[in-house]
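Quick note: numbers below take in every heavy atom, side chains included, and nothing from hydrogens, waters or symmetry partners. Counting begins at 1 with the first residue of the sequence.
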Amino acid sequence: MYGPHMALDDVNLDLPRGAIGILGPNGAGKSTLFKCLLGLITTTSGQGTVLGYDVRTQGDLIRARIGYMPEYDSLDPDLNAIDQVRYSGELSGMNPAAAMQRAHEVLEYVGLRDQRYRKIETFSTGMKQATKLACALVHDPEILICDEPTNGLDQRARQFMLETLQRTVKDGGGTVLMSSHVMDDVQEVCDQIVMIHKGRVVVNRSIVDLAQQIEREVEAVIWGGASKMEDALLDDGLKVRRLGRVMRVTIEDEDTIQRILTVAAEIGVQVRELREYEPDLEDIFLLIMEKLGSEVKGTADLMTSAHTGGDSR
């Protein structure tokens with residue numbers, strides 16, 4: 001609770017090792033959940049453990065074994081990268097010599113070996129994000145929490161960030177909890193998702209399991225009358241999702257494809273492509289949000305405001 005406001009309500013989670021995406025619109029409670037797990041804020045009621053430590057009374061021990069890459073800018077612009085990462089290691093309980101040695105190693109790991117003595121104020125957005133990741137990894141944590149790790153990155157830096165997170169899980173055997181508004185990023189790194197809506201956990205399943213729950217669709221690319229085709233398919237009793245010239249039609253039975261082709265022939269439009277559609281994570285997310293009655297219409301609505309810091313209350 002924040003005064004009268006309920007930020008997280010009856011959250012009941014058991015998270016395994018691996019890569020887990022934490023999803024939800026702004027204000028859902030994602031950052032609040034992270035801070036509870038880190039012991040940075042105390043829960044109003046309830047209990048929980050992280051790596052066997054109590055979230056209410058042993059936050060310092062939890063933070064010594066967890067790396068946290070926050071969404072907000074947490075770097076000192078006057079420090080060079082090596083000193084910033086070393087300092088983060090010392091804050092996590094490392095002695096200065098071990099922290100310095102590890103800082104060199106982890107900056108090379110995130111691709112900043114040649115920039116480690118530069119001041120952070122001279123860094124690009126991508127370099128700052130990589131430095132934040134190095135700070136989170138310097139003490140070799142068992143769990144890595146990343147809040148919007150690809151924010152502001154160009155395509156090359158984004159791909160490097162995602163590959164680094166994948167290596168952390170696959171090669172290091174650790175756990176990554178990743179919050180992002182970019183569904184493709186989550187799908188590339190994570191096997192499981194936890195979806196939070198209005199402070200409640202509404203989904204905690206693997207992406208594969210969720211995809212199997214979505215109605216099967218056939219995707220038709222229409223030429224020469226998409227609006228007319230949409231109306232005709234609806235008149236024929238089919239369920240249609242339209243994206244420009246693309247129609248995604250729910251497969252009701254083995255005759256659905258023939259019905260699509262028959263409708264197209266009757267109204268004189270061309271079907272340029274026809275294939276079964278494989279839903280991606282964004283589709284799954286939007287369909288779930290639609291069922292929940294949310295106003296979220298696309299991933300742009302999940303962007304966190306640079307001024308408010310989203311739900312990091």
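- Separating the OG atom in S179 from the CD1 atom in I193 is a distance of 12.0 Å, to the nearest 0.5 Å.
- More than 12 non-hydrogen atoms from other residues, nucleotides or ligands lie less than 6.0 angstrom from CG of D171.
- At least one side-chain heavy atom of R56 sits less than 4.5 Å from a side-chain heavy atom of T42.
- Across all their heavy atoms, V189 and L162 have their closest contact at CG2-CD2, 3.7 Å.
- A continuous path of Ile, Leu, Val, Met, Phe, Trp and Tyr side chains, each step under 4.5 Å between heavy atoms, connects L51 with V55, placing both in one hydrophobic cluster.
- Scanning both residues, A264 and V271, for their nearest heavy atoms gives CB-CG2, 3.6 Å.
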Where do V218 and R275 land on the side chain to side chain contact (heavy atoms under 4.5 Å, CB included) test, with the steps shown first? CA-CA 6 Å; V218 61; R275 58 180 174 269; 5.9 Å; no

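- Note that the CD1 atom of I207 and the CG atom of L281 stand 5.0 Å from one another [nearest 0.5 Å].
- I260 and W223 sit in two unconnected hydrophobic clusters of ILVMFWY residues. Membership requires side-chain heavy atoms under 4.5 Å apart, directly or through other members.
- Between the side chain of T250 and the backbone N or O of E252 there is no donor-acceptor pair closer than 3.5 Å.
- Residues L153 and G126 come closest through the heavy atom pair CD2-CA, 3.2 Å.
- Counting all heavy atoms, side chain and backbone alike, C135 lies closest to S88 at SG-OG, 3.3 Å.
- Between the CG atom in L144 and the OG1 atom in T175 there is a gap of 9.5 Å [rounded to 0.5 Å].
- Proximity of I20 to M178: side-chain heavy atoms (C-beta onward) are nowhere separated by under 4.5 Å.
- Heavy-atom neighbours of R167 CZ from other residues, nucleotides or ligands within 6.0 Å: above the threshold of 12.
- The CD1 atom of I267 sits 5.5 Å away from the NZ atom of K228 when rounded to the nearest 0.5 Å.
- If you chain together hydrophobic residues whose side chains sit under 4.5 Å apart, L274 and M229 fall into the same group.
- Under 3.5 Å, the side chains of Q258 and T262 contain a donor-acceptor pair of N or O atoms.
- Residues L137 and T168 form a side-chain contact, since some pair of their non-hydrogen atoms from C-beta on lies under 4.5 Å apart.
- Closest non-hydrogen pair, I222 versus A226, comes out as CG2-CA, 4.1 Å.
- With rounding to the nearest 0.5 angstrom, the CD1 atom of I120 is 9.5 Å from the CG atom of D78.
- Looking only at side-chain heavy atoms (C-beta outward), M161 and L133 come within less than 4.5 Å of each other.
- Residues V249 and E217 form no side-chain contact, since every pair of their non-hydrogen atoms from C-beta on lies 4.5 Å or further apart.
- D185 and T150 are linked by a side-chain donor-acceptor pair at a separation below 3.5 angstrom, with hydrogens and angles left out of the test.
- With hydrogens and angles left out, the side-chain atoms of S227 and R242 include a donor and acceptor closer than 3.5 Å.
- The side-chain heavy atoms of D253 and I251, taken from C-beta on, include no pair separated by under 4.5 Å.
- Under the 3.5 Å distance criterion, with hydrogens and angles disregarded, no donor-acceptor pair is assigned to the side chains of R102 and H139.
- Using a 4.5 Å cut-off between side-chain heavy atoms of Ile, Leu, Val, Met, Phe, Trp and Tyr, with links allowed through other members, M100 and Y87 fall into different hydrophobic clusters.
- One N or O on the side chain of K30 and one on the backbone of P25 form a donor-acceptor pair closer than 3.5 Å.
- Note on R116 versus E108: no salt bridge recorded, every NZ/NE/NH1/NH2 to OD/OE distance being 4.0 Å or above.
- Counted within 6.0 Å of CZ on R259, heavy atoms from surrounding residues, nucleotides or ligands total more than 12; the atom is thus considered enclosed.
- Taking the side chain as every heavy atom from C-beta outward, Q159 and E188 approach each other to under 4.5 Å.
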Quick one: do E148 and H181 satisfy side chain to side chain contact (heavy atoms under 4.5 Å, CB included)? Show the steps, please. CA-CA 7 Å; E148 302 287 354; H181 68 276; 3.0 Å; yes

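- Distance check, rounded to the nearest 0.5 Å: CD of E163 to CZ of F160 gives 7.5 Å.
- Of the N and O atoms on the side chains of Q192 and D209, not one donor lies less than 3.5 Å from an acceptor on the other residue.
- Between Y72 and Y68, the ring planes are perpendicular. Angles over 60° get that label, and only those under 30° would be called parallel.
- Salt bridge status for E90 with R86: present, with a side-chain N to carboxylate O gap under 4.0 Å.
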Applying side chain to side chain contact (heavy atoms under 4.5 Å, CB included), run through L107 and R113 and close with a yes or a no. CA-CA 6 Å; L107 281 168; R113 178 179 179 275; over 6 Å; no

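- Side chains of Y53 and R65: a donor on one and an acceptor on the other come within 3.5 Å.
- D73 places a side-chain N or O within 3.5 Å of a backbone atom of L75 that can act as its donor or acceptor partner.
- D147 and S31 get closest at one heavy-atom pair: OD2-OG, 2.8 Å.
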Please walk me through it: do L234 and D236 pass side chain to side chain contact (heavy atoms under 4.5 Å, CB included)? CA-CA 5 Å; L234 292 171; D236 196 56; over 6 Å; no

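- For the pair R216/E276, a side-chain contact is recorded, criterion being any heavy-atom separation below 4.5 Å from C-beta on.
- A salt bridge links R17 with E142: at least one charged nitrogen is closer than 4.0 Å to a carboxylate oxygen.
- Distance alone, capped at 3.5 Å, is enough to place a donor-acceptor pair between the R63 side chain and the L38 backbone.
- A continuous path of ILVMFWY side-chain contacts below 4.5 Å connects V269 to V240, so both sit in one hydrophobic cluster.
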